[in-house]
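Notes follow the structure.
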Amino acid sequence: MTALKSRLSESLDRVVVGDCLTELKKIQSASVALIFADPPYNLQLSRDLLRPNNTRVDGVHQDWDKFNNFAAYDAFCRAWLAECRRILKPDGAIWVIGSYHNIFRLGCALQDLGFWLLNDVVWRKTNPMPNFRGRRFTNAHETLIWAARAEESRYTFNYEALKAFNDDVQMRSDWLIPICSGPERLKDDGGRKAHPTQKPEALLYRIFLATTAPGDVILDPFFGTGTSGAVAKRLGRRFIGIEQDPDYARAAHDRIAEVKKLSESDLALMRGRRNEARIPFGTLLELGMIEPGATLYDSRATLKAQVRADGTLALAGEQGSIHKMGARIQGRPACNGWTFWHFKSADGLQPIDVLREKARKQLGLALIS
């Protein structure tokens with residue numbers, strides 16, 4: 001175990017050059033929070049794709065995207081996915097991206113291996129490559145699958161932060177993002193694309209913002225020219241990149257070296273109530289913020305309840321918790337007593353939730369992860 005742990009620490013924030021499966025087997029089990037995988041798509045290209053002017057489209061022609069048949073591709077994918085599931089922490093998750101050529105095979109493999117599918121996300125490209133032959137629809141999107149390690153996994157989803165990111169509107173599962181182009185597109189010494197399928201940083205930014213926390217370790221088993229590593233570093237996440245091509249790995253290393261990490265204050269995520277440490281109503285009595293015998297009111301001060309020493313409320317001959325009494329008096333099945341019941345202060349009636357916030361600060365309770 002010690003040797004495995006040292007291997008993990010030695011791999012953090014660097015590009016590991018080697019075969020995907022070989023290197024995955026060296027990583028400690030249950031050690032990674034998130035995996036982003038951009039595997040070979042198995043495009044099955046048998047000939048060059050030409051534009052109407054007979055110039056060749058600079059597509060994917062590399063050997064790493066070629067497999068003898070679907071069975072060979074499926075075996076390869078199930079092997080690396082199985083290793084990824086082993087490496088993920090119990091509450092970890094994985095993102096896999098693909099096109100119509102492979103994404104359905106990957107989805108089947110994920111389910112067969114025990115992953116729990118959470119969403120499929122459609123990445124709509126604002127500037128897709130045209131369909132030059134005019135025999136199919138223009139292929140203007142790719143699909144991402146987001147899956148937890150298991151059904152019971154408590155995966156990370158920064159809902160409130162992502163909603164604020166999206167102008168206070170829930171983030172949908174169709175993302176409109178341009179393909180990688182312009183200065184962001186890495187070039188080789190000959191001025192050609194350094195990698196044929198380089199993903200835009202905006203895509204990885206949204207994924208990591210939504211489903212990781214600062215300090216989390218992110219693994220990318222098909223690192224390419226390091227988009228995931230560059231975004232991870234910027235957002236204060238740790239990363240492990242595995243890449244078999246030395247030229248891609250070198251380009252990724254040089255690229256990431258130039259990235260500046262955001263400050264801790266800039267990385268602070270907006271958190272919601274579900275992330276706050278739990279405070280029982282009785283704690284307010286223990287801290288002297290409310291005394292036994294005090295009166296609590298509804299927002300209009302038409303109802304009055306007495307606080308008992310055990311933290312219950314007494315009203316109209318009945319006694320119960322702040323939530324049960326709030327529900328009973330309204331004739332409802334449930335009630336959030338923290339916002340229903342109020343206390344009198346110099347500033348007028350205030351919800352007792354104000355006192356809960358003061359109690360959290362006084363006790364020094366941090367947000368739960």
Side-chain angles (χ1 to χ4, degrees), residues 19-25 27-44 64-124 139-159 162 170-175 177 197 199 203-204 206-213 216-224 228 240-242:
D19 173 72
C20 167
L21 281 172
T22 301
E23 299 303 326
L24 283 174
K25 293 178 184 295
I27 299 177
Q28 178 184 349
S29 298
S31 61
V32 169
L34 188 82
I35 294 173
F36 172 79
D38 183 9
Y41 284 13
N42 189 26
L43 296 178
Q44 309 139 53
W64 48 256
D65 194 57
K66 297 176 181 177
F67 295 83
N68 290 333
N69 48 47
F70 287 133
Y73 183 73
D74 290 347
F76 167 71
C77 289
R78 288 172 183 265
W80 65 259
L81 280 170
E83 285 300 316
C84 285
R85 191 167 188 270
R86 176 187 63 80
I87 292 166
L88 278 175
K89 293 180 177 181
D91 293 332
I94 187 171
W95 285 84
V96 180
I97 186 171
S99 68
Y100 65 87
H101 303 86
N102 70 325
I103 196 63
F104 303 106
R105 311 190 79 85
L106 290 170
C108 179
L110 285 164
Q111 290 185 311
D112 287 347
L113 290 169
F115 289 92
W116 186 253
L117 271 56
L118 301 170
N119 274 115
D120 64 330
V121 172
V122 175
W123 166 30
R124 292 176 54 214
N139 187 24
H141 77 276
E142 293 183 31
T143 302
L144 300 102
I145 297 175
W146 176 37
R149 186 188 183 279
E151 182 178 359
E152 64 273 12
S153 297
R154 298 181 62 184
Y155 54 89
T156 296
F157 182 52
N158 301 316
Y159 170 81
L162 205 62
Q170 286 187 342
M171 183 68 74
R172 292 160 44 119
S173 61
D174 52 338
W175 298 355
I177 297 174
T197 63
K199 296 301 184 290
L203 184 67
L204 277 297
R206 189 173 297 186
I207 289 172
F208 295 167
L209 180 71
T211 57
T212 64
D216 278 351
V217 177
I218 299 168
L219 168 67
D220 186 339
F222 306 98
F223 204 55
S228 61
I240 301 172
I242 300 174

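Just so it is clear, the model here is predicted, and its values are computed rather than measured.
Evaluation of the side-chain hydrogen bond (donor to acceptor under 3.5 Å, both in side chains) rule for E23 yields K26 as partners, not counting sequence neighbours. With sequence neighbours excluded, no residue forms a side-chain hydrogen bond (donor to acceptor under 3.5 Å, both in side chains) with R124. Listed by chain and residue number, nothing satisfies the ring-ring contact (aromatic ring centres under 6.0 Å, His included) test with F208 (two or more places apart in sequence, or in another chain). With sequence neighbours excluded, no residue forms a ring-ring contact (aromatic ring centres under 6.0 Å, His included) with W123. Q170 meets the side-chain hydrogen bond (donor to acceptor under 3.5 Å, both in side chains) test with Y159; sequence neighbours excluded. The side-chain hydrogen bond (donor to acceptor under 3.5 Å, both in side chains) test applied to Y73 returns N102, not counting sequence neighbours. D174 meets the salt bridge (charged side-chain N to carboxylate O under 4.0 Å, His left out) test with R172; sequence neighbours excluded. L117 meets the side-chain contact (heavy atoms from CB on, under 4.5 Å) test with L110, Q111, I145, A147; sequence neighbours excluded. With sequence neighbours left out, the salt bridge (charged side-chain N to carboxylate O under 4.0 Å, His left out) criterion links E83 to K25, R86. In this structure, the salt bridge (charged side-chain N to carboxylate O under 4.0 Å, His left out) partners of R78, at least two apart in sequence or on a different chain, are D112. Applying the salt bridge (charged side-chain N to carboxylate O under 4.0 Å, His left out) criterion to D216, with sequence neighbours excluded, gives no partner residue.
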Let me have the donor-acceptor pairs involving side chains of residues 87-94, under 3.5 Å, with sequence neighbours excluded, atom names and distances please.
residue: D91; atom: OD1; partner: R154; partner atom: N; Å: 2.8

